[in-house]
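Notes to accompany the following structure.
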Protein chains: 2
Amino acid sequence: MIIIFPMQKKEIITIHDIARKAGVSPSTVSRVMNNTVPVADNKREAVLAAVAALNYRPNILAQNLVRGRSMAIGILTQNIASPFYGEIHQGIEQGLKDSGYHPLFVVGNWHLPEELVALETLTMRQVDGIIMLAGTIPDERVRQVAATTPLIMAGRWVKGLEQQCLQIDNIKGSYEATCHLLQLGHRRIVLLQGVLNHGDAVERRLGYEQAMREANLEIDPQLIIDGQFTRQSGLLAVEQLLNRNVFFSAMFAMNDEMAYGARLVLYRRGLRVPEDISIIGFDDTVQSAYTTPPLTTIRYPMFEMGLQAAQAILKLIQGETVILPLLPTQLIVRESTVRYHQ
Amino acid sequence: MIIIFPMQKKEIITIHDIARKAGVSPSTVSRVMNNTVPVADNKREAVLAAVAALNYRPNILAQNLVRGRSMAIGILTQNIASPFYGEIHQGIEQGLKDSGYHPLFVVGNWHLPEELVALETLTMRQVDGIIMLAGTIPDERVRQVAATTPLIMAGRWVKGLEQQCLQIDNIKGSYEATCHLLQLGHRRIVLLQGVLNHGDAVERRLGYEQAMREANLEIDPQLIIDGQFTRQSGLLAVEQLLNRNVFFSAMFAMNDEMAYGARLVLYRRGLRVPEDISIIGFDDTVQSAYTTPPLTTIRYPMFEMGLQAAQAILKLIQGETVILPLLPTQLIVRESTVRYHQ
DNA sequence: ATTTCAATTGACATCGTTTTCAAATATGAT
DNA sequence: ATCATATTTGAAAACGATGTCAATTGAAAT
């Protein structure tokens with residue numbers, strides 16, 4: 001037998017109830033609630049007392065309507081379950097805390113149609129600002145949105161909107177990753193790259209090329225393989241590479257996820273990390289300190305990025321201008337890379 | 001030099017504009033927009049035409065006020081960055097899709113004070129329903145909330161509110177995990193447990209005990225060690241265990257995260273998995289298929305749980321009754337467990 | 001005691017919808 | 001045709017706040 005308890009009908013108390021109880025007008029109640037205009041001390045007390053007595057809470061829906069603001073910041077994210085985006089979300093949460101604004105997440109999955117409906121949802125819900133986390137919405141469209149709504153783009157450059165883009169120094173990070181391997185004596189370094197329609201991928205490719213060039217090594221196309229920033233794709237790419245029997249002693253995966261996939265194939269094939277193959281990743285996802293062996297990688301300041309994006313969007317909403325820094329990356333040396341010896 | 005483009009002032013078009021343009025009253029416009037009452041065909045056409053021409057979108061803020069609904073479902077989650085909760089969130093997203101409701105995430109971090117302010121945020125924002133993902137808010141308080149707002153509790157039992165709790169069969173899952181190890185010939189099985197104020201932990205303990213009892217093995221307290229469901233805590237606990245030099249050949253970690261931590265210590269100490277020690281986890285977090293070796297574990301239907309929670313809350317809001325199933329777990333055998341041989 | 005000016009206050013319009021209620025129109029039966 | 005009954009419609013009242021504007025009050029200055 002199923003017993004359903006009737007929902008307790010909660011009688012809503014309004015600003016008028018408070019006004020009546022405190023013997024003032026609703027306007028005055030509003031004034032003390034919002035501290036917008038000075039109110040005589042005795043009346044203020046009376047209002048506060050009434051508020052406390054009736055446990056009054058202003059109706060946000062009404063406030064939103066009259067103020068024309070939703071007090072929501074739309075977050076157009078790409079994956080709500082990935083640890084990478086998760087850390088950015090945490091940063092955003094933190095940055096929005098106590099601001100009165102709350103994040104409204106919609107997800108695009110790196111898939112244009114989905115991203116567009118997600119964006120549509122945000123404008124329909126009349127968010128007061130938008131933080132986009134990369135994605136594939138065309139620059140032109142992003143600029144259109146930015147023209148009518150405060151917007152911060154995190155993790156991607158949009159032409160003509162550079163002041164509102166928050167990005168890391170991909171080239172430098174990638175350059176340092178490659179240099180790390182080079183300094184350990186590696187010469188045959190595989191680059192496991194992500195899809196090249198992705199800005200991060202092309203920048204990281206540049207950093208790799210720069211480091212190789214400076215080491216006077218020519219870039220062997222056989223060493224460059226394609227993934228899609230996922231574990232699975234990393235696994236597949238390296239599997240094919242191994243089947244082709246090209247020699248290499250180290251690998252730079254453009255993100256940690258692909259490094260995990262790569263590491264698993266190597267394990268399956270009996271190749272040891274780092275004794276036989278050194279691996280370096282990119283991102284420093286939370287898992288990377290706990291893989292076996294712990295993964296050497298380039299730290300992507302995800303939390304920081306979320307935090308700064310949130311702070312920036314708040315300023316933009318206030319009509320202030322923002323100056324966004326180029327976030328630095330950092331080489332984290334753990335145990336998946338080691339000096340080369342034949 | 002920083003150039004700031006002035007925000008384009010978007011003139012809002014209201015239901016009155018449409019009414020005027022279509023030569024009808026606002027009421028009629030509302031009626032065709034919501035299909036609430038039949039409207040003469042010619043007028044309906046006129047309205048639709050006007051809507052299309054002016055690209056009219058109803059103001060949600062106004063709708064919310066007059067309807068007294070926020071069209072938001074509050075999700076009181078514990079960690080916005082963990083893959084475990086992430087998958088639940090995905091399920092919720094899916095379940096809410098096209099319902100007109102959107103999820104509003106607030107996070108509690110398994111920390112009562114934070115959870116309470118998160119809950120406060122939700123009621124302040126007047127969400128139409130609440131999905132709680134476990135947490136430490138006392139049963140009594142949960143019941144209070146449930147008395148005034150449709151509520152689904154996922155991943156935890158609340159006394160007196162069982163019909164609104166969505167839970168997995170922890171005991172069975174844990175029992176099967178232990179049996180799996182037993183069947184492989186293991187006898188000295190470490191139980192790496194989570195904090196026992198956590199319902200899942202006590203139930204999983206029960207499953208372990210039941211399996212051991214059925215195998216006529218007495219439970220050696222030395223084999224039971226305490227973690228807190230985190231990688232780090234798993235690592236620490238196993239480190240201490242190894243220092244104590246008690247013999248064991250297999251380990252059941254109450255979640256995958258702790259299994260990762262455990263696996264790393266073993267690696268550090270030169271103990272091979274699965275050759276020397278078999279490990280089984282619980283949850284089947286997305287990473288588990290890609291650890292080395294891939295982790296044998298008990299699948300926790302996270303996505304499914306999120307999906308069902310979302311569907312259930314929608315029904316509750318509609319005033320319908322719900323019957324929540326006990327979600328099944330599933331043994332996923334991968335490569336971290338193997339037959340015991342001295 | 002007036003007058004002037006500033007500080008408080010309340011009445012009321014407003015935000016953009018939905019929805020009730022009654023009026024207007026259409027339909028069908030006689 | 002006439003009447004009774006359905007069906008569509010529009011006017012106006014919510015929804016619960018904020019904020020303008022004018023009125024009131026009080027203090028200060030003459």
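Given the structure is predicted, the values throughout are model-derived calculations rather than measurements. Quick note: numbers below take in every heavy atom, side chains included, and nothing from hydrogens, waters or symmetry partners. To find a chain, count down the sequence lines: A is the first, B the second, and so on, and within it residues start at 1.
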Original post:
Can you tell which of B:Phe105, B:Phe84, B:Phe303 makes a ring-ring contact (aromatic ring centres under 6.0 Å, His included) with B:His89?
Top reply: B:Phe105

**OP:** On DNA chain C, check which nucleotide each of A:Lys43 and B:Val66 is closest to and give me the residue with the more 5' one.
**Re:** A:Lys43

Original post:
Of all the nucleotides listed (D:dA17, C:dG16, C:dT9), which has the minimum atom distance to the side chain of B:Asn59?
Top reply: C:dG16

Original post:
C:dT18 C1' sits how many Å from A:Leu61 CG, rounded?
Top reply: 14 Å

**OP:** Spell out yes or no: do the side chain of B:Arg57 and the base of C:dG16 have one donor N/O and one acceptor N/O closer than 3.5 Å?
**Re:** no

Original post:
Which whole-number value in Å describes the distance from B:Leu65 CG to C:dT18 P?
Top reply: 12 Å

Subject >> Nearest listed nucleotide, side chain of A:Thr28, among D:dG16, C:dG10, C:dT20 >> reply: C:dG10

Original post:
For B:Arg69 and D:dC15, what is the distance between atoms CZ and P respectively, to the nearest whole Å?
Top reply: 16 Å

Subject >> Nearest listed nucleotide, side chain of B:Asn34, among D:dA11, C:dC12, C:dT18 >> reply: C:dT18

Original post:
Within less than 4.0 Å of OP1 or OP2 of C:dT18, is there a side-chain N or O belonging to B:Gln63?
Top reply: yes

**OP:** Would you kindly give the NE2-to-P distance between A:His16 and D:dT18, to the nearest whole Å?
**Re:** 11 Å

**OP:** Please determine if a side-chain N or O atom of B:Ser25 lies less than 4.0 Å away from the OP1 or OP2 oxygen of D:dA11.
**Re:** no

Original post:
Is a side-chain donor-acceptor pair under 3.5 Å present for B:Asn64 with A:Arg125?
Top reply: no

Original post:
Taking the side chain as C-beta and beyond, is there a heavy-atom pair between A:Ile317 and A:Ile73 under 4.5 Å?
Top reply: yes

**OP:** Return the 5'-most residue of the pair A:Arg67, B:Arg67 with respect to DNA chain D, ranking by each residue's nearest nucleotide.
**Re:** B:Arg67

**OP:** Please state how far atom CD in A:Gln126 lies from atom C1' in C:dC15, giving the value in whole angstrom units.
**Re:** 11 Å

**OP:** Describe the nucleic acid contact of B:Ser27 in one word from base, sugar-phosphate, nothing, applying a heavy-atom distance below 4.0 Å.
**Re:** base

Subject >> Rounded interatomic separation in angstrom, taking CD1 from B:Ile15 and C1' from C:dT17 >> reply: 6 Å

Original post:
Hey, which of these two, B:Asn42 or B:Ala62, hits DNA chain D nearer its 5' end, going by closest nucleotide?
Top reply: B:Asn42

Original post:
Counting any heavy atom closer than 4.0 Å, what does A:Pro38 reach on the DNA or RNA strands: base, sugar-phosphate only, or nothing?
Top reply: sugar-phosphate

**OP:** Would you tell me if any nitrogen or oxygen in the side chain of A:Asn64 comes within less than 4.0 Å of OP1 or OP2 on C:dC15?
**Re:** no

**OP:** Would you tell me whether A:Gln94 and A:Gln90 have side-chain atoms, one donor and one acceptor, within less than 3.5 Å of each other?
**Re:** no

**OP:** Specify the separation, in whole Å, of atom CZ of B:Arg31 and atom P of D:dT7.
**Re:** 15 Å

Subject >> Short N-O contact, B:Glu120 and A:Arg57, less than 4.0 angstrom >> reply: yes

Subject >> Side chains of A:Thr136 and A:His111, donor plus acceptor under 3.5 Å >> reply: no

Subject >> Atom pair distance, as rounded to whole Å: CE in B:Met33 and P in C:dT19 >> reply: 14 Å

Original post:
When you check the phosphate oxygens OP1 and OP2 of C:dT18, does a side-chain N or O of B:Ser30 lie under 4.0 Å from one of them?
Top reply: yes

